[in-house]
2 protein chains.
Amino acid sequence: MTSPARNARSASAPAAAGNGASLAGARLRVAVPSVAERVAQELRHQLAEGLLLPGARLTEAALAEDLGVSRNTVREAFAELASERLLVRHPNRGVFVASLGAGDIHDVYTVRRAIEVSTIRNGGTTEQIAAVRAAVEEGKKAAAANDNEGLGSANQHFHRAIVAMAGSRRLDTIMSQVLAEMRLFFHKATVDAEFYSGYLKDNEQICAALEAGDGERASELMLAYLDRSEAQQVAIHGV
Amino acid sequence: MTSPARNARSASAPAAAGNGASLAGARLRVAVPSVAERVAQELRHQLAEGLLLPGARLTEAALAEDLGVSRNTVREAFAELASERLLVRHPNRGVFVASLGAGDIHDVYTVRRAIEVSTIRNGGTTEQIAAVRAAVEEGKKAAAANDNEGLGSANQHFHRAIVAMAGSRRLDTIMSQVLAEMRLFFHKATVDAEFYSGYLKDNEQICAALEAGDGERASELMLAYLDRSEAQQVAIHGV
DNA sequence: CTTTGAGGAATTGTTCAACAATCCAACGAT
DNA sequence: ATCGTTGGATTGTTGAACAATTCCTCAAAG
């Protein structure tokens with residue numbers, strides 16, 4: 001019953017001479033993200049890029065000054081990022097970049113096992129499987145180009161494509177958040193060339209099983225992959 | 001004061017392999033929840049209680065006045081509830097109590113299938129299974145007392161206990177959020193006496209299978225239960 | 001009679017300035 | 001060296017302000 005889009009006409013343009021110039025760029029963009037949302041985006045970017053390391057402290061005043069926004073707005077962005085577990089709030093002490101502890105690694109992989117294995121067992125449409133295949137090929141290409149950064153991205157695309165087969169917005173966002181958490185914490189590991197290259201074969205096998213319509217085998221492969229990956233992460237980062 | 005580098009000291013403190021998380025989480029009750037948090041709690045309560053129906057609008061000023069807090073504080077509470085999908089923000093239009101559409105029902109059950117079935121297949125410790133059993137008995141008792149409200153609570157406890165077997169904080173919170181969503185939307189349905197009573201037998205069977213160590217059978221029963229429940233919800237609420 | 005457009009009220013988005021509460025580190029007294 | 005005290009800094013919260021936007025009403029034009 002809710003009509004999603006309402007045209008934004010009423011271009012009364014009572015404003016001064018300048019007029020459309022500045023608005024022209026945003027003319028088609030019906031929904032401009034709020035300032036708080038843009039701050040959150042910027043922080044997510046910096047977190048994903050490894051510019052903000054786990055444990056680092058973020059002070060409201062500094063960020064507000066730095067980004068040219070109000071402290072309250074920064075606060076809203078903090079709340080959003082905290083709800084995604086990328087930041088943690090210590091009451092009256094400040095917000096810090098999240099850092100995963102020993103149990104958290106297992107925790108994250110438990111979520112992934114639940115979501116990915118369950119999803120993959122049910123298979124997907126040919127289009128959805130094609131998306132998975134595309135991610136696999138993207139990874140191969142990145143490997144051939146020795147592009148580690150691209151390899152990491154391709155791997156995330158692969159797993160996101162897997163979950164997308166379930167066709168659930170909620171699962172998609174959960175998966176995105178989990179991947180963001182991992183990317184934040186495991187950023188150092190991504191520099192290791194051998195780190196992702198070993199997974200290329202797994203992804204290929206899983207994708208092949210999917211294309212063959214053997215969801216059961218695909219799910220078993222995925223489960224084995226996740227278990228192995230978890231063990232690897234535990235080995236790298238001190239338990 | 002332009003502070004160019006915000007990468008604070010990450011050196012010593014955060015080590016605490018034990019876990020900084022538990023330190024924060026284990027902050028004893030000496031810490032009083034913030035005002036924003038209390039507002040969020042109050043709203044959650046009213047939502048769960050059915051005092052705020054889906055689609056209802058919440059105005060910042062009214063709530064601020066009503067609860068005796070500042071508008072900004074209400075805003076923070078809104079942000080938190082929105083991140084839990086209990087409220088939705090329409091930019092420049094206001095926040096509304098979330099209402100599930102056609103696809104959302106299937107979406108929610110997709111999440112539950114992924115989490116609950118996956119968790120139950122792996123079984124749990126005797127203590128964890130005992131918690132499941134306790135929820136089952138709680139339901140029986142409520143049924144005997146003709147306490148529909150209690151029946152609904154017991155059912156939620158049952159499913160929460162199931163997920164708790166995974167021992168994952170993240171899965172627990174995801175499950176809590178999903179259950180909160182359902183409780184909000186399906187509140188009207190909970191008045192139906194027959195609605196939950198039919199599930200008592202399912203819960204009993206699932207619990208029995210768990211106690212017998214037959215996780216596979218338990219998971220199959222759970223899957224069948226969820227599918228049936230989804231169909232029932234779709235039947236009740238217009239597709 | 002329907003459509004169009006121009007106010008105008010109401011609400012949100014955002015900023016700013018202030019104050020209380022809390023934490024932290026340095027300091028001083030015992 | 002231990003323990004309390006004292007400042008300084010940062011967060012939590014408030015209140016008021018203003019621009020931007022939406023919604024509603026209503027009169028004018030077709």
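Throughout, a chain's letter reflects where its sequence line sits, starting with A, and its residues are numbered from 1.
When ring centroids are compared, A/His159 and A/Tyr199 stay outside the 6.0 Å threshold.
If you measure from atom CG of A/Leu87 to atom P of D/dT11, you get 13 Å, rounded to the nearest angstrom. Following rounding to the nearest Å, B/Phe78 (CZ) and C/dT11 (C1') show an atom-to-atom distance of 12 Å. In this entry the distance linking CD of B/Glu76 with C1' of D/dT11 reads 11 Å, nearest Å. Rounded to whole Å, the distance from CD on A/Glu65 to P on C/dT15 is 13 Å. At whole-Å resolution of the value, NE2 in B/His90 and P in D/dA20 are 24 Å apart. As rounded to whole Å, 14 Å separates atom C1' of D/dT13 from atom CG of B/Leu67. In this structure, the CZ atom of A/Arg89 is 9 Å from the P atom of D/dT13, given to the nearest Å. For B/Arg75 and D/dG12, the CZ to P distance is 18 Å, given to the nearest whole Å.
Ionic pairing of A/Arg44 and A/Glu80 is present here: one or more N-O contacts between side-chain nitrogen and carboxylate oxygen are shorter than 4.0 angstrom.
In this model, no side-chain donor or acceptor of A/Arg93 finds a partner on the base of D/dG12 within 3.5 Å.
The side chain of A/Asn92 approaches C/dC23 more closely than any other nucleotide in the set C/dC23, C/dT12, C/dG13. When the nucleotides D/dA16, C/dT12, D/dG12 are ranked by their closest atom to the side chain of B/Asn72, D/dA16 comes out on top. For B/Thr73, the side-chain atoms get nearest to D/dT13 when compared with the rest of D/dT11, D/dT13, C/dT14. Of the candidate nucleotides C/dG13, D/dT14, D/dG12, C/dG13 has the atom lying nearest to any side-chain atom of A/Ser34.
When atom types are taken as modelled, the side chain of A/Asp147 and the backbone of A/Gly150 share a donor-acceptor pair closer than 3.5 angstrom. Counting only distance, with no hydrogens or angles, the side chain of B/Thr119 and the backbone of B/Glu116 share no donor-acceptor pair below 3.5 Å.
Checking the phosphate oxygens (OP1, OP2) of C/dT14, no side-chain nitrogen or oxygen of B/Arg71 falls inside 4.0 Å.
B/Val69 comes within 4.0 angstrom of the backbone, heavy atoms only, and of no base.
In this structure, A/Gln233 CD and A/Leu100 CG are separated by 10.0 Å, a value rounded to the nearest 0.5 Å.
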